[in-house]
**Q** 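Have a look at this one before I ask anything.
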Amino acid sequence: VTGATGGVGSIAIALLARAAYEVHAVSGKADHYDYLQQLGATQCISREAVMGSGRALDSARWAGCIDSVGGEMLASICTQIKPWGNIAACGLAGGIKLDITVMPFIIRGVSLIGIDSPTCPYAIRETLWSRLAGDWKPSHLEQIATREVGLEGIADVLDGMLAGGSVGRTLVKIGG
């Protein structure tokens with residue numbers, strides 16, 4: 001899971017660990033590795049250690065990935081996915097460009113799956129919300145959702161995110 005300390009990454013780690021997957025958390029925040037392990041990460045890895053060689057294919061390390069970073073991180077991850085592995089791309093904090101060859105896709109059969117949550121049909125959302133409130137419910141939500149702000153506090157939260165200081169999920173309270 002890339003961008004592991006963010007809201008999406010934190011939830012992904014908790015969900016995958018709950019489903020008994022071996023989870024490797026990629027983060028640039030070594031001071032938060034304990035937090036990631038409490039969520040269920042088996043191993044915490046610095047983002048620098050995951051960046052590839054720049055070759056069309058690197059050694060295959062990962063069965064799959066949930067990438068909430070994008071950009072150069074996503075390009076590097078693509079070159080390191082094992083044959084027939086899947087990557088769910090759902091973020092662009094690291095950039096919107098993907099500079100990569102087609103080699104991982106045609107030599108290893110890697111699938112890059114885009115996550116388009118804004119246009120997900122409501123019926124699918126209801127099903128997922130029901131599962132997340134039931135048998136998929138992450139056991140560490142109190143550690144992940146640690147802040148609540150009103151609309152007037154969003155600018156400060158976003159500034160903190162852009163500065164790399166965000167950990168977990170921030171709940172935005174609308175209305176009184």
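On a predicted model such as this, the values are computed, not experimentally measured, just so you know. Basis for what follows: all heavy atoms, side chains included, without hydrogens, waters or symmetry-related copies.
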**Q** Is the closest side-chain heavy-atom distance between Thr2 and Ile66 below 4.5 Å?
**A** no

**Q** Can Leu92 be reached from Met51 by stepping across I, L, V, M, F, W or Y side chains whose heavy atoms are under 4.5 Å apart?
**A**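 As far as the 4.5 Å side-chain criterion goes, Leu92 and Met51 are not connected within one cluster.
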
**Q** In terms of hydrophobic clustering (I, L, V, M, F, W, Y; side-chain heavy atoms under 4.5 Å; direct or indirect links), are Leu158 and Ile174 co-clustered?
**A**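 Yes, same cluster.
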
**Q** More than 12 heavy atoms of other residues, nucleotides or ligands under 6.0 Å from CD1 of Ile106: yes or no?
**A**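 Correct, the count exceeds 12.
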
**Q** Does atom CH2 of Trp84 have more than 12 heavy-atom neighbours, drawn from other residues, nucleotides or ligands, at distances under 6.0 Å?
**A** no

**Q** Is there a donor-acceptor pair closer than 3.5 Å between any side-chain N or O of Arg18 and the backbone N or O of Lys137?
**A** yes

**Q** Please determine whether residues Ile77 and Leu16 belong to a single hydrophobic cluster, defined as Ile, Leu, Val, Met, Phe, Trp and Tyr linked transitively by side-chain heavy-atom distances below 4.5 Å.
**A** no

**Q** With a 3.5 Å distance limit and no angle check, can you tell me whether Arg125 reaches the backbone of Cys120 through a side-chain donor-acceptor pair?
**A** yes

**Q** Nearest 0.5 angstrom please: Arg147 CZ to Arg169 CZ, how far?
**A** 10.5 Å

**Q** Within the side chain of His24, is there an N or O that forms a donor-acceptor pair under 3.5 Å with the backbone of Ile45?
**A** no

**Q** Considering all heavy atoms of both residues, which atom of Asp58 and which atom of Gly52 are nearest to each other, and what is their separation?
**A**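 Nearest heavy atoms, Asp58 then Gly52: OD2-CA, 3.3 Å.
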
**Q** Over all heavy atoms of both residues, which pair between Phe105 and Leu112 is shortest? Give the atoms and the distance, please.
**A**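 In this case the closest contact between Phe105 and Leu112 is CE2-CB, 3.9 Å.
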
**Q** For the atom pair CZ (Arg131) and CD (Glu126), what is the distance rounded to the nearest 0.5 Å?
**A**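 Taking CZ in Arg131 and CD in Glu126, the distance rounds to 15.0 Å.
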
**Q** With heavy-atom distances below 4.5 Å as the criterion, would you say the side chains of Met73 and Asp67 are in contact?
**A** yes

**Q** Indicate the atoms forming the closest heavy-atom contact of Thr5 with Ser10, along with that distance.
**A**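 Residues Thr5 and Ser10, closest heavy atoms: O-OG, 3.4 Å.
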
**Q** To the nearest 0.5 angstrom, please state how far the NE2 atom of His140 sits from the CD atom of Gln143.
**A** 6.0 Å

**Q** Val110 and Lys82: which non-hydrogen atoms are nearest, and at how many Å?
**A** CG2-O, 4.0 Å

**Q** So, the side chain of Ser27 versus the backbone of Gly3: is there a donor-acceptor pair under 3.5 Å, distance only?
**A** no

**Q** Can you check whether Thr42 reaches Tyr21 side chain to side chain, under 4.5 Å on heavy atoms?
**A**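 In short, these two side chains do not touch, never coming nearer than 4.5 Å.
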
**Q** Between the main-chain N or O of Asn86 and the side-chain N or O of Ser111, is there a donor-acceptor pair closer than 3.5 Å?
**A**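 No, the answer is negative, given that no donor and acceptor are paired below the 3.5 Å cut-off.
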
**Q** In Å and rounded to the nearest 0.5 Å, what is the SG to CG distance from Cys78 to Asp99?
**A** 11.0 Å

**Q** With a 4.5 Å cut-off on side-chain heavy atoms, are Val50 and Ser46 touching?
**A**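 Not touching, per the 4.5 Å side-chain cut-off.
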
**Q** Within the 4.5 Å heavy-atom criterion, are Cys65 and Val1 side-chain neighbours or not?
**A** no

**Q** As a quick check of understanding, evaluate side-chain contact (heavy atoms from CB on, under 4.5 Å) for Leu141 and Ile11, giving each step before the final call.
**A** CA-CA 8 Å; Leu141 284 177; Ile11 293 286; 3.8 Å; yes

**Q** Please examine the side chains of Leu15 and Leu132, heavy atoms only from C-beta on, and report whether any two atoms are closer than 4.5 Å.
**A**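 Side chain of Leu132 against side chain of Leu15, heavy atoms only: contact under 4.5 Å found.
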
**Q** Restricting to non-hydrogen atoms, name the atom on Ile81 and the atom on Ala63 that form the minimum distance, rounded to 0.1 Å.
**A**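 Heavy atoms only, the tightest pair is CG2-O, 4.1 Å.
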
**Q** What's the spacing between Ile144 CD1 and Ser139 OG if we round to 0.5 Å?
**A**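 Taking CD1 in Ile144 and OG in Ser139, the distance rounds to 8.0 Å.
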
**Q** If you measure from CD on Gln37 to NE2 on His32, what distance do you get to the nearest 0.5 Å?
**A** 13.0 Å

**Q** Looking at every non-hydrogen atom in both residues, tell me the closest pair between Val8 and Cys90 and how far apart they are.
**A** CG1-SG, 3.7 Å

**Q** Arg108 versus Leu57: any side-chain heavy-atom pair under 4.5 Å?
**A** yes

**Q** Please answer: with hydrophobic residues joined when any side-chain heavy atoms are less than 4.5 Å apart, are Val26 and Leu36 in the same cluster?
**A**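 Different clusters.
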
**Q** Should Ile13 and Trp136 be counted in the same cluster of Ile, Leu, Val, Met, Phe, Trp and Tyr side chains packed under 4.5 Å apart?
**A**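 Yes: a chain of side-chain contacts under 4.5 Å links Ile13 to Trp136.
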
**Q** If we only count heavy atoms from C-beta on, is the Val69 to Leu74 side-chain gap below 4.5 Å?
**A**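 No; the side chains remain at least 4.5 Å from each other.
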
**Q** Stepwise, does the side-chain contact (heavy atoms from CB on, under 4.5 Å) test hold for Ile113 with Ile87?
**A** CA-CA 6 Å; Ile113 305 161; Ile87 303 166; over 6 Å; no

